[in-house]
There are 2 protein chains.
Amino acid sequence: MASRRLAERNGTDGAPPRKGARRDAAAPLGLGVLENHLGYFLRRAQVAVFQDFIRTLAEIDISPAQYSVLVVIGANRGPSQAEVAEFLGIERARLVRMLDHLEKRGLTQRLPSATDRRSHALHLTAAGQKTLKRAKALAGTHETRLLGRIGAGHHKLLLELLREFEV
Amino acid sequence: MASRRLAERNGTDGAPPRKGARRDAAAPLGLGVLENHLGYFLRRAQVAVFQDFIRTLAEIDISPAQYSVLVVIGANRGPSQAEVAEFLGIERARLVRMLDHLEKRGLTQRLPSATDRRSHALHLTAAGQKTLKRAKALAGTHETRLLGRIGAGHHKLLLELLREFEV
DNA sequence: TATTGTTATACTCTATAACTATA
DNA sequence: TATAGTTATAGAGTATAACAATA
């Protein structure tokens, strides 16, 4: 990934290169105005964190999106697909295929809703609860690794700041 | 998007719902352990920020990825495709199609490298420089909007914290 | 042998629209 | 009329592998 130090060393933060100046082919690149864009660093951080998450949960083959679905089903009794999709910002159509997959793996169930015959009440199977428990443990080691890397204070601060972006 | 207040109101942060308790169908869902995962909030924040960026630059049809490529080419004289791809964390193969597209729009050029006949020196055309200038202005209003939303202090703090995730 | 740009393929995810069965 | 779940399709983006030209 790009290092901020490279950009500083290159001195190209914001200002374009001098007219006629030919960049040394071996010189590191500069970020330019990207240096000041929150979106750029949010994206890089998110990708890095997800990569670590994916590596950490590879042994049980659970993706970040699947984890979020399992956690929300586990934390809420019988939510509908529409509720889970809207809550997690996943397309309803996308959730259908995710649940098909989780169901095929025997982790989740679609039970008839007690109150609305159009909708399904989502539940974890016994295997789903077991997998979620293991997933939480692994996600915990992932989170602890992040925390060790940036420090507990920064971790807490970041969580608080990021919550401000909610819509 | 999900609101933290909903999760708090629901009281399902971390702990599973009580055995046998049937969640009120109208009750909002709870995040469960997601509440403590940096990755979850990083993703939501990144999506929200990118959505605002895309809306803001819609009039010139420049995506966040395209913007980052134009900025890096504009800030560095004649970088190669491999350099830009590695620097921005884009696959080399993906950058080929992006440049095909930008070139078709008349914004970038692949010139022969002075030192290596395998590689191309990437440059902005006059139109590319003009578009980049406009893009920077629009991206500036986007960034100012973010800043107004979370405050200058939080914006600066976030930038600093996010840089710690670089690899 | 390794690297640059390229092509190709498969898979994931997003965005839409449309359909059915219910409400 | 509107909503829940579903199906289908098109477009990004990611991940890989392979190839020709060049280093």
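Throughout, protein chains are lettered first and strands after them, A, B, ... in sequence-line order, and every chain is numbered starting at 1. None of the values given here were measured: they were computed from a predicted structure.
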Scan residues 55-72 of chain B against DNA chain D and write down, sorted by residue number, each residue with any heavy atom closer than 4.0 Å; if none is found, say none. none
Measure [atom1]/[X] against [atom2]/[N] and give the value in whole Å, please.
X: B/M98; N: D/dA12; atom1: CE; atom2: P; answer: 11 Å
X: A/D100; N: D/dT7; atom1: CG; atom2: C1'; answer: 11 Å
X: A/H120; N: C/dT20; atom1: NE2; atom2: C1'; answer: 12 Å
X: A/Q51; N: D/dT14; atom1: CD; atom2: P; answer: 10 Å
X: A/H101; N: C/dC11; atom1: NE2; atom2: P; answer: 12 Å
X: A/L95; N: C/dT12; atom1: CG; atom2: P; answer: 16 Å
X: A/I54; N: C/dC11; atom1: CD1; atom2: P; answer: 17 Å
X: A/L99; N: D/dT6; atom1: CG; atom2: C1'; answer: 12 Å

Using the test salt bridge (charged side-chain N to carboxylate O under 4.0 Å, His left out), find all partners of [X] that sit at least two apart in sequence or belong to another chain.
X: A/R110; answer: A/D100, A/E103
X: B/K156; answer: B/E160
X: A/R134; answer: A/E59

Which residues pass the ring-ring contact (aromatic ring centres under 6.0 Å, His included) test with A/H142, not counting sequence neighbours? A/F53
Using the side-chain hydrogen bond (donor to acceptor under 3.5 Å, both in side chains) criterion, which residues pair with A/E91? Sequence neighbours excluded. none
OP1 or OP2 of D/dT6 under 4.0 Å from side-chain N/O of A/R110: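 Looking at the OP1 and OP2 atoms of D/dT6, one of them is under 4.0 Å from a side-chain N or O of A/R110.
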Are B/Q81 and C/dT3 close enough that a side-chain N or O sits under 4.0 Å from OP1 or OP2? no
Can you pull every protein N or O that's under 3.5 Å from an N or O on nucleotides 16-23 of chain D?
| residue | atom | partner | partner atom | Å |
| --- | --- | --- | --- | --- |
| D/dA23 | OP1 | B/R117 | N | 2.9 |

Strictly by salt bridge (charged side-chain N to carboxylate O under 4.0 Å, His left out), give each pair with a member in residues 138-148 of chain B just once, sequence neighbours left out.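 Passing the test, one end in residues 138-148 of chain B: B/D52-B/R145.
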Please name the pair of heavy atoms, one in A/Q109 and one in A/L124, separated by the smallest distance, quoted to 0.1 Å.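 Heavy-atom minimum between the residues: OE1-O, 4.4 Å.
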Going by ring pair (Phe, Tyr, Trp, His ring centres under 6.0 Å), name the pairs with one or both residues in residues 100-121 of chain B, residues two or more places apart or in two chains.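 Found none.
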Choosing from D/dA4, C/dT14, D/dT6, which nucleotide comes nearest the side chain of B/R43? C/dT14
Examine distances only and state if a side-chain atom of A/S119 and a backbone atom of A/S113 form a donor-acceptor pair shorter than 3.5 Å. no
